[in-house]
Amino acid sequence: MSVQNPLRLLDLAGMSLLRDEASTIMALKDLPTELFPPVFMEAFYGRYSETLKAMVQAWPFVRLPLGGLMKMPHLGTLQAVLDGLDILLAQKDHPRRCKLRVLDLRNTGQYFWRMWSGYRVHGCSSSLMAQVAEDRSRTKQPVAPLEVFIELHLKERTLDGFLTYLIRWVEQRKASIHLCCKKLRILSFPMENIMKVLSMVQLDCIQEVQVNCTWHLSTLAVFAPLLGQMNKVQRLLLSNIHMSALEGQEQQHFVQITSQFLRLHHLRDLHLESHSFLEGCLDQMLRCLTTPLDNLAITHCLLLDSDLSHLSQCPNISQLKGLDLSGITLTYSSPELLPVLLEKVAATLQELYLEQCGIMDSHLETILQPLSRCSQLTFFSLRGNLLSMAVMEKLLRHTSGLPSLRQELYPVPQESYGSQGTLQLGRFFQCQAELFEILRVLGRPRIIWISSSPCLHCGDNTFSHPQPIIYH
């Protein structure tokens, strides 16, 4: 087959797929590199398994971003690609043209396919050819074993067919395949299955872990040694962890969990959302942090004064960019604790969430001075608290000098509510007008958003649609 006219070759390849897969497979040895992606796409969407199997064995790029073509996981396509890899792995000497080292099953790579499929209309740009050259240069010394990238969202009681097939395939080829995962999310999954799946995964590849299960602390303690092996984790979210056993046993479980934090040398974002397991124990977890955090969220937890005191003294929060204490009742804590905490992070803080903290006028006034020194602040939310117009005016004055502040979410002033706690629209519009006048007097272009308290019938975290007050 002539390769003089690549556009014509692509058209012929596409038509032959519909007639005879054998002819297409025979033509692969003469197919220009830049035509592999569009021909692969035609084979993929047409479910031509034999062509896919053959193209994998001759794939001229380091990475095959298969996940970017799959809106939904398709087992038949996966089987064809893995069959092609089996043939490739069985060969002592890989075909000279094949550069494949990474099979990517994540929902990424769409840009790759768009760029190469655009060849038909725009021709092959120099940047695309540079990408091929880069891929080739990276494969002069192939790195074994072959890597397969996936995203793990474990949210069902049992494994789906796609993941089950992949796990079994990897299990039978552990010496030649590394199953890699950057993001692990566990929503609802038996611990036995979690252990089985993660035994196949290169745990030191994982960079983000989300555990949003109704687990007892003892269950999290079973998971903790696996977490400790994920020593490249940068973002960790633990939610809905509950106390269950006797106090002595729970303390032992807590130590088993926090001791694994000593191994997380790349942790930057820590999100803790639950009800009781941190109460009186936060200092034990903070002492096990080995690196400064960029973002810390401790939400909807029970904390003691001692916990907040230890938090403000923790050396690894001094460079925080984001702090979220939403749902932490601060009304019963010592009034000096929150101001001390804000002073600690004032130089670097960019986002601050204090939603539904029970903050009232007296509490807010204590943080106005340290808040005014948060010179990097870009986002601030106080939704779900009860504040008067007088204190909101003070708040707007103290924050008017923050040069980077762009998004501000505040509660509806308490004067907008009637005696029964219902929002009175007439009063609300009057408060809006007064707030606009305050912004006008301050003279700085600004947009603030006003949101009423959470709806009791819709759930604790449901706010009304915020209304903007804009001064240009």
Side-chain angles (χ1 to χ4, degrees), residues 10 13-14 17 21 24-25 28 31 33-90 94-95 97-119 128 131-132 134-135 138-139 142-153 159-173 176-184 197 200-202 205:
L10 179 58
L17 282 172
E21 280 195 272
T24 302
I25 294 171
L28 290 180
L31 191 67
T33 295
E34 58 269 21
L35 295 184
F36 259 77
V39 172
F40 187 93
M41 291 173 69
E42 297 226 20
F44 176 86
Y45 289 120
R47 305 280 170 85
Y48 295 102
S49 298
E50 293 303 316
T51 302
L52 290 175
K53 187 190 304 185
M55 294 195 76
V56 167
Q57 299 169 56
W59 191 248
F61 304 95
V62 172
R63 181 180 298 267
L64 173 54
L66 186 65
L69 297 177
M70 295 190 295
K71 292 183 179 179
M72 294 293 291
H74 184 259
L75 183 55
T77 302
L78 177 67
Q79 289 173 334
V81 171
L82 297 185
D83 286 346
L85 287 180
D86 276 337
I87 296 173
L88 193 62
L89 293 171
H94 284 197
R97 187 177 195 183
C98 182
K99 311 298 179 184
L100 183 59
R101 300 308 314 158
V102 177
L103 173 63
D104 198 337
L105 300 175
R106 298 171 297 177
N107 186 25
T108 60
Q110 290 86 351
Y111 182 61
F112 171 88
W113 298 112
R114 283 199 302 270
M115 281 174 45
W116 286 103
S117 62
Y119 174 88
L128 295 182
Q131 179 181 345
V132 177
E134 179 185 355
D135 281 347
R138 291 172 58 189
T139 57
V143 179
L146 187 140
E147 294 179 325
V148 178
F149 278 88
I150 59 171
E151 286 186 355
L152 283 175
H153 292 183
L159 292 173
D160 60 54
F162 185 92
L163 186 55
T164 298
Y165 187 89
L166 179 63
I167 293 296
R168 287 176 179 171
W169 184 82
V170 172
E171 187 175 15
Q172 295 167 5
R173 299 157 182 82
S176 55
I177 298 292
H178 275 179
L179 184 60
C180 303
C181 171
K182 298 288 187 182
K183 182 176 181 179
L184 169 65
V197 171
M200 297 295 107
V201 175
Q202 300 294 310
C205 289

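Computed from a prediction, not measured in an experiment: that's the story for all the values here.
- Taking the side chain as every heavy atom from C-beta outward, Leu52 and Thr77 approach each other to under 4.5 Å.
- The minimum heavy-atom distance linking Pro145 with Ser176 is given by the pair CB-O, 2.9 Å.
- Of all non-hydrogen atoms in Leu179 and Met200, the two that sit nearest each other are CB-O, 3.4 Å.
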Atom pairs and distances, donor-acceptor, side-chain atoms in residues 79-86, under 3.5 Å, two or more places apart:
from, atom 1, to, atom 2, distance (Å)
Asp86, OD1, Trp169, NE1, 3.2
Asp86, OD1, Arg173, NE, 2.6
Asp86, OD1, Arg173, NH2, 3.4
Asp86, OD2, Trp169, NE1, 3.2
Asp86, OD2, Arg173, NH2, 3.0

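- Below 30°, between 30° and 60°, or above 60°: for Phe112 and Phe61 the angle between ring planes is above 60°, a perpendicular geometry.
- The nearest pair of heavy atoms linking Val201 to Cys181 is CG1-CB, 4.1 Å.
- Atom CZ of Phe44 is separated from atom CE of Met55 by 13.0 Å, given to the nearest 0.5 angstrom.
- Taking all atoms of both residues into account, the shortest heavy-atom contact from Met70 to Leu105 is CE-CD2, 4.2 Å.
- With respect to Val197, the side-chain contact (heavy atoms from CB on, under 4.5 Å) criterion is satisfied by exactly one of Ile167, Leu166, Thr164: Ile167.
- Between atom CG of residue Leu152 and atom CG of residue Leu163 there is a gap of 6.0 Å, rounded to the nearest 0.5 Å.
- Considering CH2 of Trp59 and CG of Leu103, their distance stands at 10.5 Å, rounded to 0.5 Å.
- No side-chain heavy atom of Val102 sits under 4.5 Å from any side-chain heavy atom of Leu146.
- In this structure, Leu88 and Cys98 have side chains that are in contact, with non-hydrogen atoms separated by less than 4.5 Å.
- Residues satisfying the side-chain hydrogen bond (donor to acceptor under 3.5 Å, both in side chains) criterion with Arg47, sequence neighbours excluded, are His74.
- Atoms NZ and CD, on Lys183 and Glu151 in that order, are 6.0 Å from each other to the nearest 0.5 Å.
- Applying the salt bridge (charged side-chain N to carboxylate O under 4.0 Å, His left out) test to Glu50 and every residue at least two apart in sequence or in another chain returns Lys53.
- Contacts of Thr108 classified as side-chain hydrogen bond (donor to acceptor under 3.5 Å, both in side chains), with partners at least two apart in sequence or in another chain: Asp104.
- For the ring-ring contact (aromatic ring centres under 6.0 Å, His included) test, no residue two or more places apart in sequence or in another chain qualifies with Phe36.
- In terms of the side-chain contact (heavy atoms from CB on, under 4.5 Å) criterion, residue partners of Gln110 (sequence neighbours excluded) are, by chain and number, Asn107, Arg114.
- Just one of Tyr48, Tyr45, Trp113 meets the ring pair (Phe, Tyr, Trp, His ring centres under 6.0 Å) condition when paired with Phe40; it is Trp113.
- Of all heavy-atom pairs between Cys205 and Lys182, the closest is O-CD, 3.7 Å.
- Heavy atoms only, all atoms of each residue included: Pro60 and Lys99 are closest at O-CG, 3.4 Å.
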